[in-house]
Amino acid sequence: MRCSILALLLALTAVEARPKALPLKPLALNKALAVRGGGATELWDAYNTALEETPLIAKCSTSLTGFAIADGMTQTLIEKIPFDLKRLVVSE
């Protein structure tokens with residue numbers, strides 16, 4: 001566990017040394033979200049900006065979010081147990 005944390009910290013410090021990412025082209029999803037209205041466009045734009053400026057942190061956060069949602073759904077819907085935050089954090 002300590003090895004993976006150290007590797008993550010080293011990767012995060014190396015982010016500043018990378019060349020500037022190419023600008024992303026507007027996606028069809030941006031247009032679809034704008035047509036529907038709502039607050040999803042601001043969230044999507046913030047995510048795209050994070051991908052441009054700090055891609056490693058944005059991708060790690062996306063992965064963590066997906067894992068947390070999947071584990072929470074597994075605990076409550078499949079295993080039929082109350083949500084256990086400790087299990088999510090430890091994930092053994």
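Bear in mind that the values here come from a model prediction, so they are computed numbers and not experimental data. Both backbone and side-chain heavy atoms feed into the values below; hydrogens, waters and symmetry mates do not.
Within the structure, every pair that satisfies the salt bridge (charged side-chain N to carboxylate O under 4.0 Å, His left out) test and touches residues 70-79, not counting sequence neighbours, is listed here: D71-R87, E79-R87.
Other members of the cluster containing I78 do not exist, because no ILVMFWY side chain is joined to it at under 4.5 Å.
Across every non-hydrogen atom of K59 and L51, the tightest pair is CG-CD2, 4.1 Å.
Residues L77 and I81 are members of separate hydrophobic clusters, defined by side-chain heavy-atom contacts under 4.5 angstrom among Ile, Leu, Val, Met, Phe, Trp and Tyr.
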Just list the side-chain donor-acceptor pairs under 3.5 Å for residues 62-69, sequence neighbours left out, or say none.
{"from": "T62", "atom 1": "OG1", "to": "Y47", "atom 2": "OH", "distance (Å)": "3.2"}
{"from": "T62", "atom 1": "OG1", "to": "A58", "atom 2": "O", "distance (Å)": "2.8"}
{"from": "T65", "atom 1": "OG1", "to": "S61", "atom 2": "O", "distance (Å)": "2.8"}

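In this view, D84 satisfies the salt bridge (Lys or Arg N to Asp or Glu O under 4.0 Å) rule with no residue, not counting sequence neighbours.
Distance check, rounded to the nearest 0.5 Å: CG of N48 to CG of L43 gives 10.0 Å.
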